[in-house]
Amino acid sequence: MSSSTELTEKKVFLLKSLDGVIFEVEESVAVQLEVIRELIEGDCARPFISLYNVTSEILALVIEYCKHHAETCSGGTSATIADEDLKTFDNEFMNVDENILLELCSAADYLDIKSLFELTCRTLASLIKDRTIIEVRKMFNVENDFSVVEEKAVRKEFAWAFK
Amino acid sequence: MDPEEREEKFYLSEDIMVDIFSRLPVISLLRFKAVCTQWRDIISSPSFASLHLKCSTSNPTRHSILVRTNFESKLIPFDPLTYSPFSNLDIYCNLGSFGQRVLFVGSTNGLLCICGRSGKWICLWNPSTRLFKKIKTGIHRRSISFSVAFGHDLIANDYKVVVIHLISRQGAMRTGVKVWSANSESWKEIKVDCDFSFKWRVCGTMVKGFAYWIVGNGLGSNRKLLVASFDMSTEQLRLVPVPEGYSDPYCFYGLIWKDKFALAAFDGTKMYQVWTIENDSVGKESWTKKFTFELDFGFSLYTINAGNGKLLYNRGRQGLVFYDLETRKMKTVEIRKYNYLASGAHYYVESLLSIKGFQRLKENAKKMNLQQSHILFEI
C-alpha cells in the first residue's frame, strides 16, 4: 500500500526568486528550465534552487507558462488539439505589458526554456518591425550615441526605409 | 518588483537582440541601423547577414516566388504557400531601372541576377537593400547567342555568373564559357571539350551550386542532346548525354525536383517522364526514371521553372498556372489585365547580403506600388 502511494506522489522542487520568494513546482515544470535540469537530475536541488536573475513577478509567469505546457502535453488529448490549445494559450500569454515581455524574454534565455524564448523573441520582433527609431529606443532603453554627423549619414544611407 | 525598482532600466543582452533581429524583415533592420552604434554594428556585420539569411531560408513563410512580368517590367512576389501575390514584402521590384529590356536570370540568397538583352552587361542586385552592381560581360561582338546562369559557390562562399556564348570563327561555331566571381571581381575562361549550342538566353535550372543547360552537339542526324552542368565551386563544365533511346520526337526540359536536377522527357502528348542522375561519378553517370506526370497543357515557350519543384505556365487570358511537381497540385491565378505575361520566375528570400562594389540605386526609385498587384490579380 505504502509503496503505491510513494509511486504516485509527485516530486516537487523549490525555486527561489531574486527577491526571495519561494515557489513550489512539480518536476514536470522544473525540468522545462534547462538551466536547473542538471541540478534536478543530480539530486542537488535541495533545499531550494536560487534563481538570481529572475524576479518573483516574472518567475510566477514563467511557472504559469511551463505548467500549462506540461499539463497540455501530458493531458492525453490528441496532438492537433494540444497544438491548438497551446497556440491559443501562447497568444493570450503574450498579451502583457511590453516591459514584462522584455523581462520574460530575458528570463527565458537565462532559464534556458527554448519554446518560451522563441515565443517572446517572435512576439517582440513582430511588435517592433513597423516602429520608428524613437519608439524602439524608448522600448529597449537604448541611448542614441551617434554624433549628429554620424546619425545623418546612417539615416541617409537607406532613407527610403524611414517611412 | 515594485514600480520604483522597475524604473531602473532593463536591458536585453546583445545575444538576445541578435536573435530578435534575425526575425525582422530587411526594411526594419535598415531603419534600426540608426538606433545606436551597437545596433548599427550588429546589423552591418557579415556574420549577422549570414545568420539572418539562415533564419529566413529555414522559415517557409519568408519565401516568395518573384515572377517577372512584361507589365511595366515588374517583379511580382507570390506567396509559394498560397500562390497569392504578396502584399507585405518591401522590395524594389522595378526592372525598368536597369534598362528597357532585361532578362531575369536567377535568384540566390536574396541576390538577383539580371542581364541586358544584348548580353553585354549583367547586374547583380539586392532588391531588399536596393544595392546593385553592374558588370560588363565583354562578350565578343561576333557572339551569335549567349546564355547566363547565376549561382552560389558554397565552398568559397562566392557568387558567380556563368556565360556560355557561341562565336562564329572562320565559318565554324565555337562555344565559349566564362565565369565571373564576386570575390575576385574578374572573369575567367573555362575550357570546353566540345562545341555545343543551346536554346535559351537564361539557364533554366540552377540548383545548389550547379547550373544546368540542355544543349545540342553536332548537326543533322549526328546531333546529340546533352545535359551541360556547371559546378560553381570547381568551375568545371560537364556534358552528359540524355537517357538512351530518347531522341526525336522527345523534347527535354530541366526541372528541380527534391533539390536535385531532374530531366523531363516530353513525348508530344501530355505525358512527361522524369529522370534524375543517380551515379554521379564522371564518365559513369546513369539516369534513373523516377516518375511520370501529365499536364493538360504542353510545355511551351511559356513554361517556366520557378524552382523548388514548381512550374509556372502562362495560360493567356485564363491567367497564370502554378504546378507543384511533388504534390501534383495546380493553382490558377486569375489576371485582370490581358496583356500580362510572365517570362521568368525564381524563388526569393530576403537578405542583407552585399557584394563588393555594391552601390545605391537612385533615391528617386520608388517602392513598388503594391496596389498594382491588386489591380492585376483577383485576390
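Just so it is clear: chains get the letters A, B, ... in the order the sequence lines come, proteins before strands, and each one is counted from 1. Given the structure is predicted, the values throughout are model-derived calculations rather than measurements.
The 12-atom threshold is not exceeded at CD of A:E143, counting heavy atoms of other residues, nucleotides or ligands nearer than 6.0 Å. Annotation: B:K134, atom NZ; neighbour count of heavy atoms from other residues, nucleotides and ligands within 6.0 Å is above 12. Heavy-atom contacts from other residues, nucleotides or ligands closer than 6.0 Å to CD of A:E92 number 12 or fewer. A 6.0 Å sphere centred on NZ of B:K331 holds more than 12 heavy atoms belonging to other residues, nucleotides or ligands. The number of heavy atoms from other shown groups lying within 6.0 Å of NZ (A:K87) does not exceed 12. With a 6.0 Å radius and a threshold of 12 heavy atoms from other residues, nucleotides or ligands, B:E326 has its CD atom above the threshold. Atom CG of B:L81 sits in a crowded spot, with more than 12 heavy atoms from other residues, nucleotides or ligands closer than 6.0 Å.
Put simply, the side chain of B:R31 gets close to the backbone of A:A161: a donor and an acceptor are under 3.5 Å apart. Under a 3.5 Å cut-off, the side chain of A:D145 and the backbone N or O of B:C36 do not form any donor-acceptor pair. Looking only at distances, no side-chain donor or acceptor of A:N141 sits under 3.5 Å from a matching main-chain atom of B:Y11.
Between atom NZ of residue A:K129 and atom CD1 of residue B:I20 there is a gap of 15.0 Å, rounded to the nearest 0.5 Å. Note that OG of B:S13 is 13.5 Å distant from OH of A:Y110, once rounded to the nearest 0.5 Å.
Note: A:R122 leads A:R122, A:E150, A:E151 in heavy-atom pairs under 4.5 Å with chain B.
Shortest non-hydrogen contact noted between B:K33 and A:V154 is O-CG2, 3.7 Å.
Side-chain contact check for A:F146 versus B:T37: some heavy-atom pair is nearer than 4.5 Å. Residues A:L124 and B:L12 have side chains in contact (heavy-atom distance under 4.5 Å, counting atoms from C-beta outward). Between A:F117 and B:I16 the shortest side-chain heavy-atom distance falls below 4.5 Å. Between B:R23 and A:C121 the shortest side-chain heavy-atom distance falls below 4.5 Å.
Between A:W160 and B:Y92, a ring centre-to-centre spacing not shorter than 6.0 Å is recorded.
Contact of A:D109 with chain B is made through the side chain alone, with heavy-atom distances under 4.5 Å. Residue B:S44 does not touch chain A at all, counting heavy-atom pairs closer than 4.5 Å. Heavy atoms of A:E118 lying under 4.5 Å from chain B belong to its backbone as well as its side chain. Both the backbone and the side chain of A:I128 come within less than 4.5 Å of a heavy atom in chain B. Contacts of B:T129 with chain A are made by both backbone and side-chain atoms, with heavy-atom separations under 4.5 Å.
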Trace of the side chain to side chain contact (heavy atoms under 4.5 Å, CB included) decision for A:F140 with B:W39
CA-CA 11 Å; A:F140 289 93; B:W39 286 30; 3.7 Å; yes
